[in-house]
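Everything on this sheet refers to the single structure shown next.
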Amino acid sequence: MSELSTSMILSSGVAIPRYGYGTFKIDDDGAQAAVETALETGYRLIDTAVGYQNEVGVGRAIATGAKREEVFLTSKVWDHGHEDVRRNLQESLERLNTEYLDLYLLHWPRPSVDKYVESWQALLDARSEGLIRAAGVSNFLPEHLDRLEDETGALPELNQVELHPYFSQPELRDYHNEHAIATESWGPLGLRSGSLFEEPVVQVIAEAHGRTPAQVVLRWNLQRGNVVIPKSVTPERIRENWQVLDFELTPSDLSQIDTLDTGERQGGDPLTVGG
Ligand SMILES: NC(=O)c1ccc[n+]([C@@H]2O[C@H](COP(=O)([O-])OP(=O)(O)OC[C@H]3O[C@@H](n4cnc5c(N)ncnc54)[C@H](OP(=O)(O)O)[C@@H]3O)[C@@H](O)[C@H]2O)c1
């Protein structure tokens, strides 16, 4: 893959940048500063959520840092139920100071609440009305995706899931590919447990390419076909993480990094998060 495409077409025809910036665990002021730096650096996909409580800061940064139509803006809703999703969407649009979202996601399936099908219908309605350009989910398992298709006839355009070399989700990616669902990787640096950057495999490959371990791990994620959204509040790291589009891992590099998969999540379990 010498020419890595910098965007991907979702099943509805909407183009999404392959590479973006995540804002988890940053408050409004921090998000404003960090997103301003990300936009200056070149990132054009910004990922937030109601639950991150930083949509006001993200909105301020976009208002000053870029033309709205040049930014692909994602938010996520935690609540379930048709009315709750509609109310949350309106409130997110107001906080983000925008008339539409490029992508809106159900943040977690919360199967014991058992309202994700109704919530998904609310996203389909919002897409029909033009309030969101693309509709997706996050942390959904194939059983949840199958149920959405069975009961609404429509599959999400994208599923944002934990995905890094320690938890590379090959079966889920195959399922997504078979169903035209784009895979977006959260936690792409795999730093919540273990020390991925100190893995000899990663260090040797980084040395060979004259790159940092972070750049190698992010590039692996991109070359495995995913949309990738690393987060940092550190300006140097925001810029370091952007420098992943101008080098290429070999097939051997990719398969060596694949061997790091433990099959174990670092983050929450979709069957239990959110009750
Ligand atoms: N849908 C979901 O349920 C879900 C869950 C989690 C995350 N997300 C989204 O995915 C985004 C990314 O995931 P994440 O924030 O959990 O994890 P991540 O991007 O894999 O890692 C972020 C951590 O890595 C550090 N870091 C970043 N670049 C680095 C570098 N070049 N060298 C060393 N350390 C570096 C950051 O530190 P500093 O900030 O201190 O620089 C921060 O502690 C989130 O921000 C959010 O938008 C979604």
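Each ligand, and each atom within it, is numbered from 1 in the order the structure gives.
Side-chain N/O atoms of Glu162 and His164 include a donor and acceptor closer than 3.5 Å.
With respect to Arg147, the salt bridge (Lys or Arg N to Asp or Glu O under 4.0 Å) criterion is satisfied by exactly one of Glu143, Glu151, Glu149: Glu151.
With Glu55 contributing its side chain and Ser92 its backbone, the two residues share no donor-acceptor pair below 3.5 Å.
In the hydrophobic clustering, Phe72 connects to Met8, Leu10, Val14, Ile16, Leu45, Leu103, Leu105, Leu158, Val227, Ile229, either directly or through intervening members, whenever side-chain heavy atoms lie under 4.5 Å apart.
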Under the criterion ring pair (Phe, Tyr, Trp, His ring centres under 6.0 Å), I'd like the reasoning laid out for His80 against Tyr116: C-alpha separation, chi angles, the key distance, then a yes or no. CA-CA 6 Å; His80 278 300; Tyr116 64 84; 7.0 Å; no
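Residue-level contacts of ligand 1 at the 4.0 Å heavy-atom threshold are Gly22, Thr23, Phe24, Asp47, Tyr52, Lys76, His107, Trp108, Ser138, Asn139, Gln160, Trp186, Gly187, Pro188, Leu189, Leu191, Arg192, Phe197, Ala214, Ile229, Pro230, Lys231, Ser232, Val233, Thr234, Arg237, Glu240, Asn241.
Between Tyr19 and Trp242, the two ring planes are tilted [angle within 30° to 60°].
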